[in-house]
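Written out below as structure tokens is the structure these notes cover.
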Number of protein chains: 2
Amino acid sequence: MGRGRTTMADVAKRAGVSSATVSMILSGRPDTRFSQETHQRVHEAAAALSYRPNVAARALRTDRSHAIAFISDHVATTRFANGLIRGALRASASEGQTLMVMETGGEPGREARTIDAALDRQVDGIIIASMRAREITLSKTPPGIPMVVLNGTSRQCPASVLPDEERGGRDAVARLDAAGLLGSVALVGHEAAAEEGLFRSLPIQRRLDGIRSGMEARGATFARELSIWEWEPSNGYAAAMELLQGADRPRALLCLNDRLAFGAYQACMELGLRIPEEVSLMSFDNDELAAYLRPGLTTIALPHDEMGARAVARVVRPEEGEELVTMPLIERGSIRAAR
Amino acid sequence: MGRGRTTMADVAKRAGVSSATVSMILSGRPDTRFSQETHQRVHEAAAALSYRPNVAARALRTDRSHAIAFISDHVATTRFANGLIRGALRASASEGQTLMVMETGGEPGREARTIDAALDRQVDGIIIASMRAREITLSKTPPGIPMVVLNGTSRQCPASVLPDEERGGRDAVARLDAAGLLGSVALVGHEAAAEEGLFRSLPIQRRLDGIRSGMEARGATFARELSIWEWEPSNGYAAAMELLQGADRPRALLCLNDRLAFGAYQACMELGLRIPEEVSLMSFDNDELAAYLRPGLTTIALPHDEMGARAVARVVRPEEGEELVTMPLIERGSIRAAR
DNA sequence: CAGTCTTGCTAAAACGATTTACCTATTTGG
DNA sequence: CCAAATAGGTAAATCGTTTTAGCAAGACTG
């Protein structure tokens, strides 16, 4: 057993001290008084034997595993997972933590079992990541171990990390205003009248609130609004076809996400309308494809990397409350100022 | 310590047996002879106390952690990581394993340290995933623990999982042949003459080999070939603009990946050429955007999910050799048969 | 009826760290 | 010069499992 690795006892023997000494010295424990010489001998022995501590033994004794569980509902369905995981991964590496990634498929039963599995491994903290941001009902909240909800909120868990959607919405409006386009903008994806009282999801709701309050603050209203439930390119295409062929064509389209905008690009090409000369476009998310479009799509980005990193930080140094991460404006080429 | 969880000793006490008995019964060890009644008492006690074994203690004793390290060079740069991780994650869940995700940034030094960190945690196996498929030089290969290279190969590690690029290449040619287009196809991304002796990467080399051998087998040659080093949409756009405006415009474009094809789509729209009526398009990867295009892009898919799953399977049940995973043809609407 | 098997179980030694409670010299203080 | 403090360490318990070795009592065998 032990795969033949050197143990602390080996180091102790070589340094001619007890393993208690080795433990204390190597772990850099303060308030201890070993001679300079002993320090050196221990370090040399450890280096010579290329000693590495056995994490399981340490976890057993200390009940800390230096691992964080990243539990998500779907790693699958969304390209967003990537950024969240990436951010979390990097932050945990620099915190000296390892990330255990797990998936629940969104089923509450599996969620509870997955949390249990994480607890069995004595994880130092748990991140519950929701890929479709929303209000989460946790079937169980383990006591005494830090937990944060990423990209969602939960009554059961006071700590969460979310994109600052409301401000993002306002920023989008501000950007269009700066270009002098606010007089002729259509909103693609949501219609206040049609979706009155319908609940989309918490962040999306906030995104809309931000947009509305931005418009109001400027005394502006949308030239038109179109309701679309599924924000997929094909629906964006259809919507744009309708909007852009009408009598007074809007000068700008504010799409509620990049996939809708992508569909709108296709419609513009098909109609021979040049972006941004004839139609300006702005949207949300900063999906990978936003950079591929010609011209590039100006969009308010979901700061997934940053969010993942913040979640780790807040698990390592617990802190209550909802943390809003700024959604940066990514300026590309799809907006032209009206003259 | 122990966070107050029930231990095996608690179960033993409640069932009125020793913990050795509990251990053997709960782990379903064969060739043991406890009475039916004892079995029952132990199971009942465990259930009543909702006992869960401490993974660290078990790992310490058995030197197996039921965790697999998924070590990748970049989770970052590529949307492919997603599929690989997803496949690996699901397979490990059904094997009763946990996945520890780690990243090396592609630096050999960090790679070695990361492998060490994995070994410190007594992982049951290691998956080295390369996001840009290639020949990998491993700075260290731990003895006695199963390891497989995912999406790459390595002299130091006999087990690997790769897409079957060569067959994929041949299948692409076969598909174009079936549509009767082989007489007028341009290859976008590689030119035999220009890139003679240049090494792209192992899988890409095979992809090209497959394409070549498919063409040869049919006695066909490309109408034109264009060399592009960076397979990004903007380059695909430029290439297609050049190809499609020439004297005898090719009937079909075989793009070496979907991003090039995406650029070609943009060029077609701009030139007013209808896909697939006037130009057929086929490519490789099945990038997410392939489904968004209008019409959908017919492509030979990289089977990332399947590959991730296979890597886990081969770590759990070690087996040497290179495993080639079939790249399925995803039929969408970008090819029309010539008449 | 003595010896051997079987049945059903347990005591105790690992595994490799951390941590508590000492222990022995030597200094220091008064 | 004696008591107390300090310096420099160590022995052993502990974390929660798994596993080896073996015990006691009854059932067979010859």
Side-chain angles (χ1 to χ4, degrees), chain A residues 1-43 45-46 49-67 119-124, chain B residues 1-43 45-46 49-67 119-124:
Chain A
M1 245 152 266
R3 271 176 200 148
R5 287 169 55 118
T6 33
T7 76
M8 188 170 266
D10 299 334
V11 175
K13 190 178 300 171
R14 182 181 236 258
V17 295
S18 74
S19 42
T21 303
V22 175
S23 172
M24 292 169 135
I25 287 184
L26 290 186
S27 64
R29 183 188 242 246
D31 300 332
T32 176
R33 26 176 215 212
F34 296 99
S35 67
Q36 276 303 319
E37 200 224 324
T38 305
H39 267 94
Q40 203 162 23
R41 279 217 316 283
V42 166
H43 278 115
L49 301 174
S50 59
Y51 166 71
R52 314 212 90 224
N54 178 318
V55 178
R58 177 179 288 175
L60 177 58
R61 186 68 236 261
T62 63
D63 216 12
R64 327 208 69 235
S65 61
H66 293 274
L119 293 176
D120 292 350
R121 293 181 172 276
Q122 343 263 109
V123 292
D124 294 0
Chain B
M1 247 152 265
R3 270 175 201 148
R5 287 169 54 119
T6 19
T7 76
M8 189 172 265
D10 299 334
V11 175
K13 190 179 299 172
R14 183 182 236 257
V17 296
S18 73
S19 41
T21 303
V22 175
S23 172
M24 291 168 140
I25 287 184
L26 289 186
S27 64
R29 183 189 241 247
D31 300 333
T32 177
R33 22 175 219 213
F34 296 98
S35 67
Q36 276 303 319
E37 201 224 324
T38 305
H39 267 96
Q40 205 162 24
R41 280 217 317 282
V42 166
H43 278 117
L49 301 174
S50 61
Y51 166 72
R52 314 211 90 223
N54 177 319
V55 178
R58 178 179 287 177
L60 177 57
R61 184 69 235 257
T62 63
D63 216 12
R64 329 208 67 236
S65 61
H66 292 273
L119 293 176
D120 292 349
R121 293 182 173 275
Q122 342 266 107
V123 292
D124 293 1

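We name chains A, B, ... by the order of the sequence lines, and we start the count at 1 in each one. Worth saying up front: this structure is predicted, and the values here are computed from it rather than measured.
- Note on B/Thr38: only backbone sugar-phosphate atoms sit closer than 4.0 angstrom, heavy atoms only; bases stay farther off.
- For A/Ser35, the side-chain hydrogen bond (donor to acceptor under 3.5 Å, both in side chains) criterion is met by A/Thr38, not counting sequence neighbours.
- Of the inter-residue distances, the one linking B/His39 atom NE2 with B/Thr32 atom OG1 reads 6.5 Å to the nearest 0.5 angstrom.
- Following rounding to the nearest Å, B/Asn54 (CG) and D/dT14 (C1') show an atom-to-atom distance of 13 Å.
- Closest non-hydrogen pair, B/Val11 versus B/Val42, comes out as CG1-O, 4.1 Å.
- Here D/dT14 is the nucleotide among D/dT14, C/dC9, D/dG16 with the atom lying nearest to any side-chain atom of A/Arg61.
- For B/Arg41, the side-chain hydrogen bond (donor to acceptor under 3.5 Å, both in side chains) criterion is met by B/Glu37, not counting sequence neighbours.
- Taking all atoms of both residues into account, the shortest heavy-atom contact from B/Thr6 to B/Ser50 is OG1-O, 3.9 Å.
- We find the NE2-CD distance between B/His66 and B/Gln122 to be 12.0 Å, quoted to the nearest 0.5 Å.
- Along DNA chain C, the nucleotide nearest to B/Phe34 and the one nearest to B/Ala57 differ in position, and the one closer to the 5' end is contacted by B/Phe34.
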What protein N or O atoms touch nucleotides 22-28 of chain D N or O atoms at under 3.5 angstrom, if any, and at what distances?
none

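- Atom CG in B/Leu60 sits about 9 Å away from atom C1' in C/dA14, given to the nearest Å.
- In this structure, A/Arg58 reaches the C/dT18 phosphate: one of its side-chain N or O atoms is under 4.0 Å from OP1 or OP2.
- In this structure, B/Asp120 places its CG atom 13 Å from C1' of C/dG16, rounding to the nearest Å.
- Atom CG of A/Asp63 and atom P of C/dA17 are 18 Å apart (whole Å).
- The CZ-C1' distance, from A/Arg64 to D/dG16, rounds to 19 Å in whole Å.
- Using a 4.5 Å heavy-atom threshold, the side chains of B/Leu26 and B/Tyr51 count as touching.
- Closest of all the heavy-atom pairs between A/Val123 and A/Ser65 is CA-OG, 3.3 Å.
- When the C1' atoms of four end pairs are superposed on the next four at each end of the helix from C/dC1-D/dG30 to C/dG30-D/dC1, using five pairs per end, the two resulting axes differ in direction by 50°, to 10°.
- Residues of residues 17-30 of chain A that place a heavy atom closer than 4.0 Å to DNA chain C, in numerical order, are A/Ala20, A/Ser23, A/Met24, A/Arg29.
- A/Leu60 and B/Ala56 get closest at one heavy-atom pair: N-CB, 3.9 Å.
- Atoms CZ (A/Arg121) and P (D/dT17) sit 14 Å apart, rounded to a whole Å.
- Checked against D/dG9, D/dT17, C/dC9, the side chain of B/Tyr51 finds its nearest nucleotide in D/dT17.
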Hey, what are the protein-to-nucleotides 3-5 of chain D N/O distances that come in under 3.5 Å?
none

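- Atom CG of A/Leu119 sits about 11.5 Å away from atom CG of B/Asn54, to the nearest 0.5 Å.
- Rounded to the nearest 0.5 angstrom, B/Ser27 OG and B/Arg58 CZ are separated by 7.5 Å.
- Counting only residues at least two apart or in different chains, side chain to side chain donor-acceptor pair (under 3.5 Å) contacts with residues 7-20 of chain B comprise B/Ser18-B/Thr21.
- Qualifying side-chain contact (heavy atoms from CB on, under 4.5 Å) partners for B/Val55, counting only residues two or more places apart in sequence or in other chains: A/Asp120, A/Arg121.
- B/Gln36 has its CD atom 10 Å from the P atom of C/dG8, to the nearest Å.
- Taking atom CE of A/Met8 as the reference point, atom P of D/dT14 lies 20 Å away to the nearest angstrom.
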